[in-house]
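We use all heavy atoms of the structure for the numbers below, so side chains are in, but hydrogens, waters and symmetry mates are not.
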Number of protein chains: 2
Amino acid sequence: MIQRMTRQRSAVAELLADVDDFRSAQQLHELLRGRGNEIGLATVYRTLQTLADAGEVDVLRAEDGEALYRRCSRREHHHHLVCRRCGTAEEIDGPGVEAWAEAVGAAHGFSDIVHTMELSGICASCAAEAGDA
Amino acid sequence: MIQRMTRQRSAVAELLADVDDFRSAQQLHELLRGRGNEIGLATVYRTLQTLADAGEVDVLRAEDGEALYRRCSRREHHHHLVCRRCGTAEEIDGPGVEAWAEAVGAAHGFSDIVHTMELSGICASCAAEAGDA
DNA sequence: CCCTTAATGAGAATGATCCTCATGTTCAGA
DNA sequence: TCTGAACATGAGGATCATTCTCATTAAGGG
């Protein structure tokens with residue numbers, strides 16, 4: 001858990017408040033630098049890890065396995081609809097997925113069921129751009 | 001696409017037919033070596049990639065981002081219930097997930113919707129082992 | 001203001017995956 | 001069956017994300 005508030009951690013928190021796309025640690029580091037925040041890459045990784053452990057940020061994996069982070073408005077469990085082009089994301093509800101997951105798991109003798117479900121697509125504005133290009 | 005059948009590719013295919021857990025490329029490489037198959041790691045990666053592109057094997061990501069492969073009996077779209085301990089997997093159906101995904105995507109102005117949904121848990125035999133230990 | 005101790009950062013270490021390119025092998029055609 | 005062009009292999013290096021090391025810095029309670 002976070003024990004001390006530092007300049008770097010504040011900067012990460014502020015950035016996450018402003019950006020609502022899923023971004024990689026490296027991208028976030030770039031953005032911080034761009035804003036004039038001196039911060040080491042390792043610190044960005046550490047901070048994101050801590051925030052993720054605390055459930056403050058959501059993590060998902062790009063197709064190539066890279067971790068993407070985002071601060072979500074809801075703390076409760078939810079799913080995402082992410083734009084593959086720009087990373088923008090909407091929070092969505094999975095209708096009864098949780099109950100279904102439990103039931104299916106139990107039916108197969110599995111316990112401690114965890115589920116992941118993510119949707120991705122091309123958002124309206126990216127689709128428009130692609131059309132122009 | 002695969003154009004020539006080689007000793008190495010046959011070996012990978014045979015191994016995949018025998019193993020029905022999700023395994024990493026490195027693990028599969030180890031297993032092949034264990035079976036007495038001389039094969040380079042790069043070839044294992046290449047072969048798995050090709051098979052994945054052809055839809056012959058399913059790929060999913062471990063929590064740490066590592067790619068895991070498995071040859072599934074069904075070619076059609078389906079989901080998995082994977083044991084986090086041993087990697088064994090069951091193929092399952094997502095009741096209406098596809099239709100729901102399309103609808104949600106459209107509602108948010110997203111096109112070209114793709115969805116991923118995976119369940120993981122601890123399988124009965126792993127739970128039993130853990131109980132003994 | 002001053003310690004104690006957590007936090008930082010630069011760079012090395014790790015680990016998965018991909019690339020290079022010289023060499024080996026497959027297989028269609030002769 | 002023999003051959004050669006083109007595809008495949010493999011050893012090791014290159015990449016790239018992420019983590020670790022450890023000396024240095026700086027919160028913040030007392």
Does A:Q27 reach a base, just sugar-phosphate, or nothing at all? Heavy atoms under 4.0 Å.
nothing

Among D:dA6, C:dA7, C:dA16, which nucleotide sits nearest the side chain of B:E66?
C:dA16

Main chain of A:E38, side chain of A:R7: is a donor-acceptor contact present, judged purely on distance under 3.5 Å?
yes

Whole angstrom is fine here: how far is it from CG in A:L41 over to P in D:dT18?
9 Å

B:V97 with A:I92, same ILVMFWY side-chain cluster at under 4.5 Å:
yes

Under a 4.0 Å heavy-atom cutoff, the residues of residues 45-57 of chain B touching DNA chain C are B:Y45, B:R46, B:Q49

Rounded interatomic separation in angstrom, taking CD from B:E63 and P from C:dA16
16 Å

Of the candidates D:dT9, C:dT8, D:dT18, the side chain of B:T6 sits closest to D:dT9

Any donor-acceptor pair under 3.5 Å linking the side chain of B:R33 with the backbone of B:I39?
yes

Evaluate B:H79 against B:H77 for side chain to side chain contact (heavy atoms under 4.5 Å, CB included), listing each step before the verdict.
CA-CA 7 Å; B:H79 303 279; B:H77 177 78; 3.3 Å; yes

Mind running side chain to side chain contact (heavy atoms under 4.5 Å, CB included) on A:C123 and A:R85 for me, showing each step along the way?
CA-CA 8 Å; A:C123 73; A:R85 195 86 29 106; over 6 Å; no

Of all the nucleotides listed (D:dA11, C:dA7, D:dT18), which has the minimum atom distance to the side chain of B:A42?
D:dA11

Nearest-Å distance, CE (B:M5) to C1' (C:dA28)?
16 Å

Integer-rounded Å distance: D:dC20 P and B:D64 CG:
13 Å

Which nucleotide wins on minimum distance to the side chain of B:Q8, given the candidates C:dT17, C:dT8, D:dG10?
D:dG10

Atom NE2 of B:H29 and atom C1' of C:dG15: how far apart are they, to the nearest Å?
15 Å

Atom CZ of B:R61 and atom P of C:dG15: how far apart are they, to the nearest Å?
18 Å

Do the rings of A:H80 and A:F22 sit parallel, tilted or perpendicular, given the 30° and 60° boundaries?
perpendicular

Residue A:Q3, side-chain atoms from C-beta onward, closest of C:dA7, D:dG10, D:dA8:
C:dA7

Taking atom P of C:dA10 as reference, at what distance in whole Å does atom CD1 of A:I39 sit?
11 Å

Side-chain ion pair, A:R71 and A:E14, N-O less than 4.0 Å:
no

How many Å lie between CD on B:E38 and C1' on C:dG24, as a whole number?
15 Å

In terms of side-chain heavy atoms of A:R4, which of D:dA26, C:dG9, C:dA10 is nearest?
D:dA26

